Enquirer: 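Below: one structure in structure tokens.
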Amino acid sequence: MQWTLVIPLKPLAHAKSRLSAASGEALRPGLALAFAQDTVAAALACPAVRDVAVVTDDALARRELAALGARVVPDPPGGGLNAALAHGAALVRAARPEAPVAALNADLPTLRPLELARALDCAAPFPRAFMPDAAGSGTTLLCAAAGTELRPAFGTASRARHSASGAVELPLDGVDSVRQDVDTGEDLRTALSLGVGPRTAAAAARLLIAD
């Protein structure tokens, strides 16, 4: 099964606001872009992924992520994360009605293509399935099989909301890179210990130099 991934990204000026305490305002947008670049690059290298659609209105992010090979679409709903995901999934299904679609966070700088493939393969038998984040309360991946609506419910306590909506929680170990999103300085330290992509590594090095 070849999945289309939908990845939402806020305008960089507003992305990853909880990182400000660790990075400062000057470096935070660059970190957010680096996370997204490494996430998209790993996703495109995944053997289970057909293509990636990024939903964003940020001009710099649009240019940089398109250069990696992602299809970048605007975010006309302007209604937040779940509206952006629903919009992106609708565009994918308008062109390919039977496409299996998955929503993926843009802040997974440790993402490994083969670990993502394992998660997507595990999701394939279910109409909807999801992967909880490393903290245990959120969601990093939500999958919808062909003919099934994505019905995203990301945000605070999304693990419980996705479970209550009937999505199956994927019972996988050994896929830490799919679960390790980055919202805080502590998350970034954990990600760096797991090993991040080259753009995040470079951005984090600038952060250390600034400190």
Side-chain angles (χ1 to χ4, degrees), residues 1-9 35-36 38-55 70-71 73 80-183 187 190-191 194:
M1 183 181 292
Q2 291 285 295
W3 295 81
T4 292
L5 302 188
V6 180
I7 299 178
L9 180 63
F35 297 164
D38 285 334
T39 300
V40 168
L44 286 168
C46 175
V49 172
R50 181 184 187 273
D51 53 6
V52 172
V54 176
V55 184
R71 174 191 179 192
V73 300
L81 178 62
N82 291 310
L85 284 169
H87 173 65
L91 289 178
V92 170
R93 289 276 175 77
R96 295 170 49 236
E98 296 305 313
V101 175
L104 184 72
N105 286 10
D107 59 350
L108 299 172
T110 72
L111 190 63
R112 306 285 190 268
L114 293 182
E115 291 187 12
L116 176 59
R118 285 186 62 212
L120 292 170
D121 289 347
C122 186
F126 306 107
R128 290 172 66 247
F130 72 97
M131 178 70 66
D133 66 6
S137 61
T139 304
T140 56
L141 176 71
L142 175 67
C143 304
T148 304
E149 289 187 18
L150 188 61
R151 295 169 57 199
F154 285 81
T156 304
S158 64
R159 180 183 189 178
R161 287 199 302 278
H162 284 135
S163 182
S165 74
V168 173
E169 183 171 325
L170 298 174
L172 271 182
D173 294 322
V175 290
D176 292 348
S177 75
V178 186
R179 301 184 63 192
Q180 187 57 62
D181 54 353
V182 177
D183 290 316
D187 293 337
T190 299
L194 290 172

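One is the number of the first residue; the rest follow in order along the sequence. Note that the structure is a prediction, hence the values are computed from the model and not measured.
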Enquirer: How are the rings of H162 and F154 set relative to one another: parallel (under 30°), tilted (30 to 60°) or perpendicular (over 60°)?
Expert: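 Perpendicular.
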Enquirer: How long is the straight-line distance from CZ of R118 back to SG of C46, given to the nearest 0.5 Å?
Expert: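 C46 atom SG to R118 atom CZ measures 12.0 Å (nearest 0.5 Å).
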Enquirer: For P8 and A84, which heavy atoms make the closest approach, and how far apart are they?
Expert: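 So the two residues come closest at CB-CB, 4.3 Å.
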Enquirer: Quick check: does any side chain N or O of T140 sit under 3.5 Å from a backbone N or O of N105, one acting as donor and the other as acceptor?
Expert: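 Between the backbone of N105 and the side chain of T140 there is no qualifying donor-acceptor contact (under 3.5 Å).
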Enquirer: Has R179 got a side-chain atom pairing as donor or acceptor with G136's backbone, closer than 3.5 angstrom?
Expert: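 Checked: no pair found.
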Enquirer: Determine, step by step, whether L5 and L116 satisfy the side-chain contact (heavy atoms from CB on, under 4.5 Å) criterion, reporting the C-alpha distance in whole Å, the side-chain angles of both residues, the deciding distance to 0.1 Å, and the verdict.
Expert: CA-CA 11 Å; L5 302 188; L116 176 59; 3.9 Å; yes
Enquirer: Report the residues that fulfil side-chain hydrogen bond (donor to acceptor under 3.5 Å, both in side chains) with S165, sequence neighbours left out, ordered by chain and then residue number.
Expert: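 Partners of S165 under the side-chain hydrogen bond (donor to acceptor under 3.5 Å, both in side chains) test: R128.
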Enquirer: Can you check side-chain contact (heavy atoms from CB on, under 4.5 Å) on L172 and V178, steps first, answer last?
Expert: CA-CA 10 Å; L172 271 182; V178 186; over 6 Å; no
Enquirer: What residues, two or more places apart in sequence or in another chain, satisfy ring-ring contact (aromatic ring centres under 6.0 Å, His included) together with F126?
Expert: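 None.
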Enquirer: Strictly distance-based, threshold 3.5 Å: is any side-chain N or O of D133 a donor or acceptor partner for the main-chain N or O of G138?
Expert: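 It does hold such a pair.
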Enquirer: Counting C-beta onward and ignoring hydrogens, is there a side-chain heavy-atom pair between V168 and P127 closer than 4.5 Å?
Expert: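 No. Closest side-chain heavy atoms not under 4.5 Å.
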Enquirer: Please determine which of D38, V175, L104 meets the side chain to side chain contact (heavy atoms under 4.5 Å, CB included) test together with L111.
Expert: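 Answer after filtering D38, V175, L104: L104.
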Enquirer: To check you understand the geometry: which heavy-atom pair defines the closest contact between C143 and L150, and what is its length?
Expert: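 Shortest heavy-atom contact: C-CD1, 4.3 Å.
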Enquirer: Could you report the tightest heavy-atom contact between V55 and H87, atom names first, then the distance?
Expert: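 In this case the closest contact between V55 and H87 is CG1-CD2, 4.4 Å.
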Enquirer: What residues form a side-chain hydrogen bond (donor to acceptor under 3.5 Å, both in side chains) with D51, not counting sequence neighbours?
Expert: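 Per chain and number, D51 pairs via side-chain hydrogen bond (donor to acceptor under 3.5 Å, both in side chains) with T4.
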Enquirer: Quick one: salt bridge (charged side-chain N to carboxylate O under 4.0 Å, His left out) pairs with a partner in residues 92-108, sequence neighbours left out?
Expert: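 Those involving residues 92-108 are K16-D107.
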Enquirer: Of all heavy-atom pairs between L9 and A106, which one has the smallest distance, and what is that distance?
Expert: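 Nearest heavy atoms, L9 then A106: CD1-CB, 4.1 Å.
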Enquirer: Which pairs pass salt bridge (charged side-chain N to carboxylate O under 4.0 Å, His left out) with one or both residues in residues 140-160, sequence neighbours excluded?
Expert: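 Every salt bridge (charged side-chain N to carboxylate O under 4.0 Å, His left out) pair that includes a residue of residues 140-160, provided the two are not neighbours, is R159-E169.
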Enquirer: Under the side-chain contact (heavy atoms from CB on, under 4.5 Å) criterion, do T190 and T110 qualify, and how do the steps go?
Expert: CA-CA 10 Å; T190 299; T110 72; over 6 Å; no
Enquirer: Show your reasoning for whether side chain to side chain donor-acceptor pair (under 3.5 Å) applies to S177 and E115.
Expert: CA-CA 7 Å; S177 75; E115 291 187 12; 2.7 Å; yes
Enquirer: Please report the closest heavy-atom contact between S158 and A153, naming both atoms and the distance.
Expert: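 Shortest heavy-atom separation between S158 and A153 comes out as CB-O, 3.1 Å.
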Enquirer: Should C122 and P171 count as side-chain neighbours, where that means a heavy-atom distance under 4.5 Å?
Expert: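 Yes, close enough: below the 4.5 Å cut-off.
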Enquirer: Short question: side chain of R112, backbone of D176 - any donor-acceptor pair under 3.5 Å?
Expert: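 Side chain of R112 to backbone of D176, a donor-acceptor pair under 3.5 Å: no, none is there.
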Enquirer: Restricting to side-chain hydrogen bond (donor to acceptor under 3.5 Å, both in side chains), what partner residues turn up for D181, sequence neighbours left out?
Expert: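 D181: no side-chain hydrogen bond (donor to acceptor under 3.5 Å, both in side chains) contacts found.
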Enquirer: Would you check if the side chain of T39 reaches a backbone N or O of F35 as a donor-acceptor pair within less than 3.5 Å?
Expert: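 It does hold such a pair.
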Enquirer: What heavy-atom pair brings F130 and L142 nearest, and what distance separates the two atoms?
Expert: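 Smallest heavy-atom distance, with atoms named: CB-CD1, 3.9 Å.
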